[in-house]
J.: 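Here it is, the structure in full.
A note on names: the letters A, B, ... follow the listed sequences, proteins ahead of strands, and every chain is numbered from 1.
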Amino acid sequence: MTEVFMFSSIEPMVPEIFMAIAGLALLVLGAFNGDKAANQIGWLTALAITVTIALLLQTSAQPQIVLNGLFVMDQFAGVMKLLILLGLLVSVILSIRYIADEKMARFEYPLLMLFAGLGMMIMVSAHDLLSLYMGLELQSLALYVLASIRRDNAKSSEAGLKYFVLGAISSGMLLFGASLVYGYTGSTNFLMIGDAVAQHKEIGVLVGMVFLLAGLAFKVSAAPFHMWTPDVYEGAPTSVTAFFAMVPKVAAIALLIRLLFSAFPGAIIQWQEIVWALSAMSMAVGAFAALRQENIKRLLAYSSIGNMGFALVGLAAGSGEGVTAVLVYLVIYMIMTAGTFGIVLSMRRNGQELEKISDLSGLSRTCPTSAYALAILMFSMSGIPPLAGFFSKFMVFQAAVAEGFYGLAVFGVLCSVVAAYYYIRIIKVMFFDEPVAMYDKGTPFARKMIVGLSVMFIMVFVFNPSPLVDIRRDAVTVFFPHG
Amino acid sequence: MLMSHLLSLQIFLPLLGVLGIIALPKMSDCSARWVALGASLLTFAASVVMMCGYNGSNPAYQFVEKGAWFPSLDIGYHLGVDGISVYFVLLSTFLTPICIISCWHAIEKRVKEFLVAFLILETFMVGTFCALDAILFYVFFEGVLIPMFIIIGVWGGARRVYASFKFFLYTLLGSVLMLVALMTLYFQTGTTDIPEMAAANIPFNMQIWLWLAFFASFAVKMPMWPVHTWLPDAHVEAPTAGSVILAGVLLKMGGYGFLRFSLPILPDASVYFADMVFVLSIIAIVYTALVALVQEDMKKLIAYSSVSHMGFVTLGIFTGTQQGVDGAMFQMLSHGIISAALFLCVGVVYDRLHTREIARYGGLVKNMPKYATVFMILMLGSVGLPGTSGFVGEFLTLMGSFQVNTYVAVFATTGVVFGAAYMLVLYRKVIFGEQKNADAAAMPDLTKAEFGYLVPLCLMVILFGVVPGLVMKDISPSVKKLLDRYHLPTEMPQDVAGVSVTQGVRHD
């Protein structure tokens, strides 16, 4: 109790602390200036995120556990946080113009994203069931509000409400699981739980773990906990959907990895089966349910369910290679999603937003650049080489095959063929169908940049794929110290 | 420097053309055509240089390039050609400029996109045949789908959407199974290098599954009966140049895959499944020939004839005899030239009359004598008349299969007869007979450009028919090396394969 406060004890948390203070300061600024300052606050938020990234890069990557074991900072957390912050930055930049066009420019909007991001940072660094829950709820509450930010729109409100109710149920399951785990192991700390589980696996702990996994599967939107995804994706404003598709999943998967490998390495046989099932179901739902969708946001929702299924294949493998593959998968998925939503956000005609796939008709004639970019993104999503999407799928399936999960790998690649159908259907609509009418001009420069960078990345990844993989592999050594 | 990277040069030269076309958006369609033609001709020149430097008596891989590409996954950038692949590279680079010339006036909309797709396609084709790393091979092999999907879907005929989807999904379904097999092979052998994989011994139970996975991919690509149904659709709907490349090169990827993966890496399973392949091949040869007989669409007829001819290829490959595999190789090359040229011939009349219906034509010999001559040579080549390249391939294949199984040879030979039937019927209906339609009767004869690209093809058909040794001297040593590792069925003594017609030919 007499411990003197030392800066070193909070040093690993500097990025989070800065983010929290910046968010509060901007909130005050917004409260004084009102919604007319939304644009400036958007850019200031982007600036704050950039500074956070700089601070994060300064933080030492040596594993440190602070706050009595609540908070961990290591290379894995660093890499995931960087990814989350970059995704957040892209989401904020994609949103600024969109919310102005949609007349929903409220100063809270970018700040909610910032706080959601803060929650995710805490999730990634969580080393205790309590900090896990705190991060998760900070994130979730911000996301619920974001989903329903267009409050005079029935669909948006419905999306927010649905998300909130189902999210609350999943949080309940998570808490129930956490209390069971605490009850049987006597600790909420991941390492202590790990030790207790390694000594003797009691059924109560396993039941608790299943509930924890179910709660997290909801956040990842893995089937069978995916029901909310299509509705929320469709109802939320498109810029929010883009954010949902990119960032929270990364955080949730990172949390899942941390939880499973720090707290439950002793129960790997058990959770592998669960992850296996989640993965197979998600791939199947993602592939088959998307086939008949007419709304591009719903389609992308199912696509993201399928993609999470593919990512979980690597986790099911339970090996270092598998986790590396999951991380590479997430990076590439995030980049592809950023590019795709960048184009979807620009689908506007006469000031109205368009969401139907048929609205893309003949895009290759009216706006060839977007059409080619989206075509490349779609080929990449369906996993056709030599685009980056192929390599991410390749790595997760390779990890699964290495551990002898042949059935899952074959099932997965077959699902990817089914999924290829709806991706190439989008290409068909853009290239083979007759054009309807031009979209509105005036895509903002920042959005073009994001789409351009994303397409560039997935095209040139084939020439030098190693650096990304190596960074991810180093990050994973945290969980696999012996190789 | 240039010589040591000759294969990379051939792979990436077309991409330079692509960059040229994309980087200059103001360029007119006509100059884009010239850029594409220039890039593809340069690539062809590089191939000719490669052919001159190729040492036919050496069965090992030549022009080898080996470098790191994806070290964290042990995937290397390993290129090289041997007798099995070198002619496919040449065929790809040879047909691409011809295709670009052939569609000079036929493709009028979205010209630049077409050329870009075509050059990318060339990159992937050449890469497929050069790659000696399994994953690199897969990247090129599957990458072909992207430009081909676009080519069929954008510039195709009325049912192009259906055809392009069918093509894409069929081929993808086969390929992904192969991908899982490649990963499994990696963990069985610890490498993705094809020559090293071939040196490893894989347990028989594993071989069976891997073989089936490879078969799923290559049989669709080939295409073998009963998974051939995408081919007639794709051929009919694709623009002429697309059909040419599809028939000329893409179908050969299946046969090449069997020779590069199934036989050397999974020899026991290949022996085990040989009878099944024989049965499927015979069905393909006889059944699709009969189907071809009743077609009313010229392209569809040639498409079915391709399936039938590819039946000979699979038959030859899985006999595991020197003649059989030599014959299969020769058949693929010969079919690559003949069917490509036949599709070009269909393209010639299609450009004039915009129909492929056989009944709309007739008596073309009167107004198009040059065309009739060219078509005749190609038709006879397709029939397999002695003196044309078609004969050598079919004859050797039948020789090879006769040694393994007489019944197989007998049934396969009937396919030759049916082959003669449908091609002669096609020729009679289109070239001879009454001039029923005034517009068909008024069609002008071949233009200089058309004459220019069809005559070399015809000459090659005759040249290879008369002097097959020209090609065989390069192919046979590599085939022999391949078969040395391949276990023949026990009742077939190894040295029977050594006594062969090809050896006689090789020495002239």
Side-chain angles (χ1 to χ4, degrees), chain A residues 321 324-325 328 364-365 368-369 371-372 375-376 379-380 382-387 390-391 393-395 397-404 406-418 420-421 423-425 427-433 462-473, chain B residues 22 25 68-75 77 109-110 112-113 116 120 123-124 127 135-147 149-150 152-156 160-162 164-165 168-188 192 206 209 213:
Chain A
E321 289 303 310
T324 313
V328 173
S364 66
R365 233 67 77 70
T369 335
Y372 280 102
I376 290 167
F379 275 126
S380 177
S382 46
I384 307 294
L387 303 168
F390 164 72
F391 290 94
K393 283 208 173 68
F394 175 76
M395 286 187 67
F397 287 125
Q398 201 187 31
V401 168
E403 297 298 315
Y406 296 110
L408 187 63
V410 170
F411 185 75
V413 293
L414 293 181
C415 284
S416 84
V417 175
V418 177
Y421 171 79
Y423 292 125
I424 62 172
R425 189 163 68 111
I427 299 171
K428 172 233 152 195
V429 170
M430 291 190 302
F431 281 82
F432 307 171
D433 290 357
V462 58
F463 292 108
N464 193 7
S466 279
L468 176 69
V469 177
D470 290 338
I471 293 173
R472 301 288 132 182
R473 176 166 297 168
Chain B
I22 293 175
W69 171 42
F70 204 159
S72 40
L73 286 182
D74 290 340
I75 302 173
Y77 180 75
K109 58 167 195 176
R110 306 209 233 173
K112 281 188 226 168
E113 283 117 311
V116 167
I120 293 176
T123 292
F124 288 145
I135 304 302
L136 188 64
F137 168 84
Y138 185 84
V139 166
F140 286 125
F141 183 83
E142 183 123 325
V144 167
L145 293 185
I146 299 179
F149 174 74
I150 301 274
I152 298 176
V154 176
W155 295 276
R160 59 208 161 92
V161 175
Y162 172 74
S164 57
F165 271 59
F168 191 94
L169 295 174
Y170 250 74
T171 327
L172 184 65
L173 184 63
S175 311
V176 291
L177 292 175
M178 173 169 82
L179 183 64
V180 178
L182 288 178
M183 295 170 185
T184 316
L185 261 181
Y186 171 64
F187 289 103
Q188 284 289 317
T192 57
M206 190 60 104
W209 289 107

J.: Answer with side chain, backbone, both or neither: which region of B:L173 has an atom nearer than 4.5 Å to a non-hydrogen atom of chain A?
T.: both

J.: Examine whether an atom of A:V462 lies under 4.5 Å from a heavy atom of chain B, and if so say whether it belongs to the side chain, the backbone or both; otherwise answer neither.
T.: both

J.: Distance check, rounded to the nearest 0.5 Å: A:F431 atom CZ versus A:Y372 atom OH?
T.: 4.5 Å

J.: If you tally heavy-atom pairs under 4.5 Å against chain B, which of A:A375, A:A402, A:P386 wins?
T.: A:A402

J.: Could you check which of A:V469, A:L387, A:V413 has the highest count of heavy-atom pairs closer than 4.5 Å to chain B?
T.: A:V413

J.: Using a cut-off of under 4.5 Å on heavy-atom pairs, state which of A:F394, A:Y421, A:F432, A:F463 scores highest against chain B.
T.: A:F432

J.: Taking the six-membered ring for Trp, are B:Y138 and A:F390 ring centroids under 6.0 Å apart?
T.: yes

J.: Nearest 0.5 Å, please: how far is OG in A:S382 from CD1 in A:I427?
T.: 6.0 Å

J.: Where on A:F391 is there a heavy atom nearer than 4.5 Å to chain B: the side chain, the backbone, both, or neither?
T.: side chain

J.: Non-hydrogen atoms of chain A under 4.5 Å away: do they reach the side chain of B:F168, the backbone, both or neither?
T.: side chain

J.: Looking only at heavy atoms, what is the nearest atom pair of B:E113 and B:W155, with distance?
T.: C-CH2, 3.7 Å

J.: Listed by chain and number, what are the side-chain hydrogen bond (donor to acceptor under 3.5 Å, both in side chains) partners of B:R110, not counting sequence neighbours?
T.: A:S364

J.: Pick one of side chain, backbone, both or neither for B:F124, based on which atoms fall under 4.5 Å of a heavy atom in chain A.
T.: side chain

J.: Looking at OG1 of A:T324 and CG of A:D470, how far apart are the two atoms once the value is rounded to the nearest 0.5 Å?
T.: 9.5 Å

J.: Flag the one option from A:Q398, A:R425, A:K428 with the top tally of heavy-atom pairs under 4.5 Å to chain B.
T.: A:Q398

J.: I need the B:T192 OG1 to B:D74 CG distance, nearest 0.5 Å.
T.: 7.0 Å

J.: Could you look at B:F141 and say if it's the side chain, the backbone, both or neither that has a heavy atom under 4.5 Å from chain A?
T.: neither

J.: Quick check on B:S175 against chain A: is it the side chain, the backbone, both or neither that has a heavy atom closer than 4.5 Å?
T.: neither

J.: If you count heavy-atom pairs under 4.5 Å with chain A, which of B:I146, B:I135, B:I150 comes out on top?
T.: B:I146

J.: Students often mix this up, so state it plainly: with edges at 30° and 60°, are the rings of A:F379 and B:F149 parallel, tilted or perpendicular?
T.: perpendicular

